[in-house]
Number of protein chains: 2
Amino acid sequence: MPNQKHKQMPQSDVIHAGDATLRNFVGYRMKRAFNVVQADLTKTLKPFDLRMLTYTALVLIVDNPGLRQSQLADAMDIERPNLVVLIDELERRELIVRDRVPTDRRAYALRATLAGRQLYEKAVAAVTLHENAILADLPQDLRTAMIEALKRIEKAHRGRS
Amino acid sequence: MPNQKHKQMPQSDVIHAGDATLRNFVGYRMKRAFNVVQADLTKTLKPFDLRMLTYTALVLIVDNPGLRQSQLADAMDIERPNLVVLIDELERRELIVRDRVPTDRRAYALRATLAGRQLYEKAVAAVTLHENAILADLPQDLRTAMIEALKRIEKAHRGRS
DNA sequence: GGTAAATAGATATGACGCATAACAATAATT
DNA sequence: AATTATTGTTATGCGTCATATCTATTTACC
């Protein structure tokens with residue numbers, strides 16, 4: 001989890017390394033900004049004993065009852081083996097269940113439990129507050145522009161081979 | 001390193017999980033877009049035997065001769081113990097040296113070697129091409145808006161305690 | 001001047017996110 | 001019927017991140 005240093009010294013006392021070269025790159029700025037988002041998101045989800053990946057998995061399962069693990073892995077853009085331990089954890093906490101699929105004995109249909117849906121509601125509400133705090137300094141036009149930019153970056157490489 | 005699946009099937013064959021709830025969050029979009037950037041950056045740096053963190057460290061050292069390890073850790077926003085192995089690796093490859101500081105026998109002044117500066121030039125050029133490819137779909141006004149948004153997100157939490 | 005506190009760098013360790021290889025069971029294709 | 005592909009799993013390793021603890025040295029304080 002990216003560090004967010006707690007000790008805040010006056011900026012005048014810190015001898016800064018010049019990072020102008022790195023700041024020329026949007027990717028670098030994205031990294032630094034996302035570190036801030038991720039650190040705050042981690043803090044936000046901790047009371048629910050969720051992490052970014054388990055939260056994402058839970059949301060996708062609640063919103064898509066019957067989802068297959070392979071579909072969930074695709075949606076999350078992670079490798080299937082890495083999903084197994086995430087699903088194991090959500091199942092162990094009784095937030096979801098793996099239902100057998102009569103027509104395909106290889107597959108499971110994932111389904112959220114009542115506890116899972118209730119945790120979903122709380123966690124999504126908390127993440128909404130986290131997001132509002134993170135974006136407090138951004139007027140709506142800047143948010144809209146940013147979303148459009150992020151869409152284009154993500155989309156531009158979906159067809160890459 | 002975030003997955004970028006190589007197998008590209010027609011989108012019409014994929015049964016998508018609806019991720020509308022997650023897409024409501026800018027943080028989620030940032031994560032997904034940054035995954036794309038990071039995957040491509042990893043590929044870009046691989047021929048130089050660099051990773052994102054060793055590349056960043058090298059750039060900051062080349063641009064700031066005499067930098068202390070604690071300053072570099074601050075600039076990179078990572079914990080000092082985690083910097084040690086990065087500096088070890090750059091030193092082993094003879095890209096940088098740890099100079100003793102006569103006035104402070106605890107500290108080292110980091111300095112890039114000729115090989116380090118040469119690798120810097122090549123890597124920065126490659127990262128520039130990677131960045132141009134990533135941002136090809138973004139008109140300048142969108143880039144400018146995005147940079148401003150990222151600045152505000154990063155800055156808004158610098159003073160947080 | 002002596003002592004306590006702070007700093008710089010280091011070692012060790014663990015959690016988590018990511019990748020790949022290989023496997024078994026099952027379904028789909030030829 | 002045989003072959004290929006798919007689904008989920010186990011195992012493993014690498015890299016990024018955090019924290020605890022340590023030694024050597026410098027700075028602050030009395």
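Here is how names work: the chains are called A, B, and so on, in the same order as the sequence lines, proteins then strands, and each is numbered from 1.
Asn64(B) places a side-chain N or O within 3.5 Å of a backbone atom of Gly18(A) that can act as its donor or acceptor partner.
Listed pair Gln69(A) / dT6(D) fails the phosphate criterion, with no side-chain N or O lying under 4.0 Å from OP1 or OP2. Between Arg98(B) and dA10(C), a side-chain N or O to OP1/OP2 separation shorter than 4.0 Å is present. Listed pair Ser70(B) / dG9(C) meets the phosphate criterion, a side-chain N or O lying under 4.0 Å from OP1 or OP2.
Residues Leu142(B) and Met146(A) share a single hydrophobic cluster, defined by chaining ILVMFWY side chains whose heavy atoms lie under 4.5 Å apart.
Closest-nucleotide positions on DNA chain C for Arg51(A) and Tyr108(B) were compared, and the one nearer the 5' end corresponds to Tyr108(B).
In this structure, OH of Tyr55(B) is placed 19 Å from C1' of dG15(D), rounded to the nearest angstrom. Taking atom CD1 on Ile87(B) and atom P on dT16(D), their separation rounds to 13 Å, with Å as the unit. Whole-Å rounding puts the Gln71(B) CD to dG9(C) P distance at 8 Å. The separation between Leu50(A) atom CG and dG17(C) atom P is 11 Å, rounded to whole Å. Atom-to-atom, CG of Asp99(B) to P of dG9(C) comes out at 13 Å; the value is rounded to the nearest Å. Straight-line distance from the CG atom of Leu41(A) to the P atom of dG17(C): 11 Å, rounded to whole Å. Atom CG of Leu45(B) is separated from atom P of dT16(D) by 11 Å (rounded to the nearest Å). Rounding to whole angstrom units, CG of residue Asp74(A) and P of dT7(D) are separated by 9 Å.
Contacts of Glu121(B) classified as side-chain hydrogen bond (donor to acceptor under 3.5 Å, both in side chains), with partners at least two apart in sequence or in another chain: none. Remark: Asp104(A) engages Arg106(A) in a side-chain hydrogen bond (donor to acceptor under 3.5 Å, both in side chains) (not counting sequence neighbours).
Interface remark: the Arg106(A) side chain does not form any donor-acceptor pair with the dG8(D) base, using a distance-only criterion of under 3.5 Å. On a pure distance criterion of 3.5 Å, a polar donor-acceptor pair joins the side chain of Asn82(A) and the base of dA19(C). For dT25(D), its base never sits under 3.5 Å from the side chain of Arg105(B) at any donor and acceptor pair.
Within 4.0 Å (heavy atoms only), Leu83(A) reaches no atom of the nucleic acid at all.
Nearest to the side chain of Pro81(B), among dA12(C), dG9(C), dT9(D), sits dA12(C). Checked against dT10(D), dT19(D), dT16(D), the side chain of Glu79(B) finds its nearest nucleotide in dT19(D).
For the pair Tyr120(B) and Asp63(B), the minimum side-chain heavy-atom distance is below 4.5 Å.
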